[in-house]
**Q** 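Have a look at this one before I ask anything.
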Amino acid sequence: QVTLAESGGGLVQAGGSLRLSCVSSGRTFSRYGMGWFRQAPGKEREFVAAISWSGGSTYYADSVKGRFAISRDNAKNTVYLQMNSLKPEDTAVYYCAASTAVAGTKFLAGYDYWGQGTQVTVSS
């Protein structure tokens, strides 16, 4: 069983930055591919970024490529999402997720464990 807890959300002006963190319980964090998803009001949950178990491979949605960066620290059981040049359309609840697909995946159905989410609001 894996428990995920996100933090780092908040209110920021357009053009600003935030760093989200997601801490995993358990001793097998390095066996999971990790991902970040987001869900805006009235919209479906969408893929943002994913990272392989080692951190050697990363994947991004086109909408965040070049602005967001996913990373992980297996010694701290933590995955991060650095978000720069934020836009109002980035406003959403951000979720981290763990997948037994160690390479990581952009598909929502590929994730087995989810956090509770953290709110990110970008004002114009």
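Since we're looking at a predicted model, the values are computed, not measured.
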**Q** For residues 79-88, which side-chain donor-acceptor pairs fall under 3.5 Å, sequence neighbours excluded?
**A**
{"unit_1": "Gln82", "atom_1": "NE2", "unit_2": "Asn84", "atom_2": "OD1", "d": "2.9"}
{"unit_1": "Asn84", "atom_1": "OD1", "unit_2": "Ser17", "atom_2": "OG", "d": "2.9"}

**Q** Taking Ser52 for the side chain and Gly104 for the main chain, is one N or O donor matched with an acceptor at less than 3.5 Å?
**A** no
**Q** Treating Ile, Leu, Val, Met, Phe, Trp and Tyr as nodes and any side-chain heavy-atom pair under 4.5 angstrom as an edge, say whether Val48 and Val93 lie in one connected cluster.
**A** no
**Q** Whether the side chain of Arg72 engages the backbone of Gly33 through a donor-acceptor N/O pair (distance < 3.5 Å, no angle test) should be reported.
**A** no
**Q** Looking only at heavy atoms, which two atoms of Thr105 and Ser99 are closest? And how far apart?
**A** CG2-OG, 4.0 Å
**Q** Can you sort out the partners of Gln119 under side chain to side chain donor-acceptor pair (under 3.5 Å), two or more places apart, ordered by chain and number?
**A** Thr121
**Q** Measure the spacing between CD1 of Ile51 and OG of Ser57 and express it to the nearest 0.5 Å.
**A** 8.5 Å
**Q** So which heavy atom on Ile70 is nearest to which on Tyr60, and how close?
**A** N-OH, 2.9 Å
**Q** Ignoring hydrogens, what is the shortest heavy-atom contact between Trp53 and Ser30? Give both atom names and the distance.
**A** CB-O, 3.1 Å
**Q** Do Ser25 side-chain atoms and Thr3 backbone N/O form a donor-acceptor pair below 3.5 Å?
**A** yes
**Q** In Å, rounded to the nearest 0.5 Å, how long is the span from CZ of Phe68 to CG of Leu20?
**A** 8.0 Å
**Q** Going from CH2 on Trp36 to OH on Tyr95, what distance comes out if it is rounded to the nearest 0.5 angstrom?
**A** 12.0 Å
**Q** Residues in side chain to side chain donor-acceptor pair (under 3.5 Å) with Gln39, at least two apart?
**A** Arg45
**Q** Would you list the pairs meeting side-chain hydrogen bond (donor to acceptor under 3.5 Å, both in side chains) in which at least one residue belongs to residues 109-118, sequence neighbours left out?
**A** Thr100-Asp112
**Q** What residues join Phe107 in its hydrophobic cluster, counting side-chain heavy atom gaps under 4.5 Å, either direct or through other members?
**A** none
**Q** How many angstroms lie between CG in Asn74 and CE in Met34, if you round to the nearest 0.5 Å?
**A** 9.5 Å
**Q** Which heavy atom of Tyr32 sits nearest to which heavy atom of Ala98, and what is that distance?
**A** CD2-CB, 4.0 Å
**Q** Check side chain to side chain donor-acceptor pair (under 3.5 Å) between Asp90 and all other residues, then give those that pass, not counting sequence neighbours.
**A** Arg38, Arg67
**Q** So, the side chain of Gln13 versus the backbone of Ser123: is there a donor-acceptor pair under 3.5 Å, distance only?
**A** no
**Q** Do Tyr59 and Leu108 sit in one hydrophobic cluster, given that two such residues count as connected whenever their side-chain heavy atoms are within less than 4.5 Å of each other, even indirectly?
**A** yes
**Q** Distance check, rounded to the nearest 0.5 Å: Leu4 atom CG versus Cys96 atom SG?
**A** 4.5 Å
**Q** Does Thr91 reach the side chain of Val120, with side-chain heavy atoms less than 4.5 Å apart?
**A** no
**Q** May I ask you to check whether Phe37 and Phe47 place their ring centers less than 6.0 Å from one another?
**A** yes
